[in-house]
Participant: 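Pasting in a structure now, in structure tokens, and then I'll have a few things to ask.
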Amino acid sequence: MQYEQDQHPAPAEPRQASSQNDADALCERVHQANTDKTSLRIEGGGTKAFYGRRVEGDALSLTGHRGITHYDPVELVVSVRAGTPLSELEAALDAQHQQLSCEPPHFGPAATVGGMIASGLSGPRRPWVGAVRDFVLGTRLITHEGKHLRFGGEVMKNVAGYDLSRLMVGAQGTLGVITEVSLKVLPKPSATQSLRLELPLDEALQRLAQWGRQPLPITAAAYHDDALHLRLEGGRSSVAATSERLGGDDLDSRFWQDLREQRLAFFDKTDPRPLWRLSLPNNTPPLALEGDTLYDWAGAQRWLRSDAEASTLRKTVTQAGGHATCFTSGHTEPFTPLSKVVANYHRRLKTQLDPNGIFNPGRLYPEF
């Protein structure tokens with residue numbers, strides 16, 4: 001299934017559905033909470049509330065702090081407030097034939113840009129273009145003292161504070177309140193095609209390992225329902241030639257969105273078995289784990305439905321050089337326990353940036 005994209009429209013200012021600056025009120029709330037040593041539960045659209053441990057504290061909603069503050073399609077840079085709906089940002093980019101190439105999942109229509117940054121989750125294209133953190137140029141952050149500070153910038157060469165901005169990605173709001181983020185965006189590919197190849201798992205993984213060493217325009221690879229699913233993106237001639245070479249049947253491109261949003265039958269929420277996300281080194285062979293597995297990221301990310309004990313499961317994954325995260329809400333220890341050395345770094349960082357522990361306490365680990 002190959003289709004042609006429209007020609008790039010002339011750069012223009014994006015249409016904004018709404019824009020509101022609640023920074024002053026948010027700073028005041030944080031300052032008061034720090035003074036009173038009151039815990040804050042930072043909230044956005046709530047679509048990723050299941051991801052991590054339950055937080056007790058006063059709600060601090062970012063949904064009123066929204067709007068695209070700057071967008072330069074020529075420079076491939078956009079700055080947007082944290083409460084902005086993710087769908088609104090994507091619509092503005094789509095109007096300029098551009099995209100968030102890391103394909104962040106929504107998990108619901110209320111998903112916000114702040115939730116994208118806080119969770120740090122990326123979609124099927126991640127191994128080929130990078131993760132969410134790789135596209136973060138800068139952030140605005142409310143510190144524990146209620147100060148509104150800017151880190152990083154709006155161009156790649158401006159790296160002042162760049163590492164701190166990236167540190168916020170995946171921190172689940174435990175280090176400060178993200179109010180705005182500047183992101184690098186990329187043009188959409190001129191051509192795309194998705195394929196389905198019926199292959200045994202071992203052969204599929206072997207082929208992916210071989211193709212990974214070749215300059216092929218593959219931007220997604222998943223093994224599901226006894227078949228290898230591929231997405232090709234790039235120039236028209238390159239996509240067409242690769243499609244002819246690899247063979248297989250045409251695949252509806254909506255498969256990748258359904259995979260990203262966990263709408264495939266594999267993710268059926270009525271399944272009582274916990275859902276695990278396994279992150280593993282490239283070319284890791286199948287693991288001896290009970291349950292059903294869906295392979296994504298050419299096998300580097302695996303979704304596992306299993307009743308196996310968490311300790312047993314994590315031991316197997318750790319021995320393979322990876323880690324396991326539970327995506328089922330309510331798990332007492334959703335993230336892989338930290339080693340003593342890494343835990344010490346986390347503790348020192350949390351103490352430095354949030355000495356009174358007011359920001360989403362216990363969201364990642366009970367001791368932070």
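All heavy atoms count here, side chains included; hydrogens, waters and symmetry mates do not.
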Participant: Within a 6.0 Å radius of atom CD on Glu309, are there more than 12 heavy atoms belonging to other residues, nucleotides or ligands?
Facilitator: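 Atom CD in Glu309 is not packed in, count stays at 12 or less.
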Participant: Please answer whether the main-chain N or O of Pro334 pairs with a side-chain N or O of Tyr51 as donor and acceptor at a distance below 3.5 Å.
Facilitator: no
Participant: Salt bridge or not between Asp268 and Arg305? Use side-chain N to carboxylate O under 4.0 Å.
Facilitator: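 A salt bridge is absent here (no side-chain N lies under 4.0 Å from a carboxylate O).
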Participant: Any chance the side chains of Glu43 and Ser61 put a donor and an acceptor closer than 3.5 Å?
Facilitator: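 Short answer, no.
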Participant: Is Arg254 paired with Asp258 through a side-chain N to carboxylate O contact shorter than 4.0 Å?
Facilitator: no
Participant: Does Arg231 come within less than 4.0 Å of Glu103, counting only side-chain N to carboxylate O?
Facilitator: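 Salt bridge flag = yes for Glu103 with Arg231.
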Participant: Heavy atoms, side chains only, cut-off 4.5 Å: are Pro85 and Arg66 in contact?
Facilitator: yes
Participant: Check this for me: does any side-chain nitrogen of one of Asp22 and Arg81 sit under 4.0 Å from a carboxylate oxygen of the other?
Facilitator: no
Participant: Taking the side chain from Thr328 and the backbone from Leu275, do they hold a donor-acceptor pair closer than 3.5 Å?
Facilitator: yes
Participant: Do Leu183 and Ile117 have side-chain heavy atoms sitting under 4.5 Å apart?
Facilitator: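 Sidechains of Ile117 and Leu183: in contact.
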Participant: Please say which of Glu90, Glu261, Gln257, Lys48 ends up in a side-chain hydrogen bond (donor to acceptor under 3.5 Å, both in side chains) with His106.
Facilitator: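 By the side-chain hydrogen bond (donor to acceptor under 3.5 Å, both in side chains) criterion, His106 pairs with just one of Glu90, Glu261, Gln257, Lys48: Glu90.
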Participant: Do you see a donor-acceptor pair shorter than 3.5 Å between the side chains of Thr293 and Trp303?
Facilitator: no
Participant: Taking Arg125 first and then Glu233, would you say they form a salt bridge - that is, a charged N and a carboxylate O separated by under 4.0 Å?
Facilitator: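 Counted as a salt bridge, because a side-chain N and a carboxylate O are separated by less than 4.0 Å.
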Participant: Have Gln32 and Asn34 got a donor and an acceptor in their side chains that come within less than 3.5 Å?
Facilitator: no
Participant: For atom CD of Gln352, decide whether the heavy atoms of other residues, nucleotides or ligands shown that lie under 6.0 angstrom number more than 12.
Facilitator: no
Participant: With a 3.5 Å cut-off and no angle check, do the side chains of His323 and Thr318 form a donor-acceptor pair?
Facilitator: no
Participant: Applying ring pair (Phe, Tyr, Trp, His ring centres under 6.0 Å), run through His229 and Phe255 and close with a yes or a no.
Facilitator: CA-CA 9 Å; His229 300 69; Phe255 170 85; 4.4 Å; yes
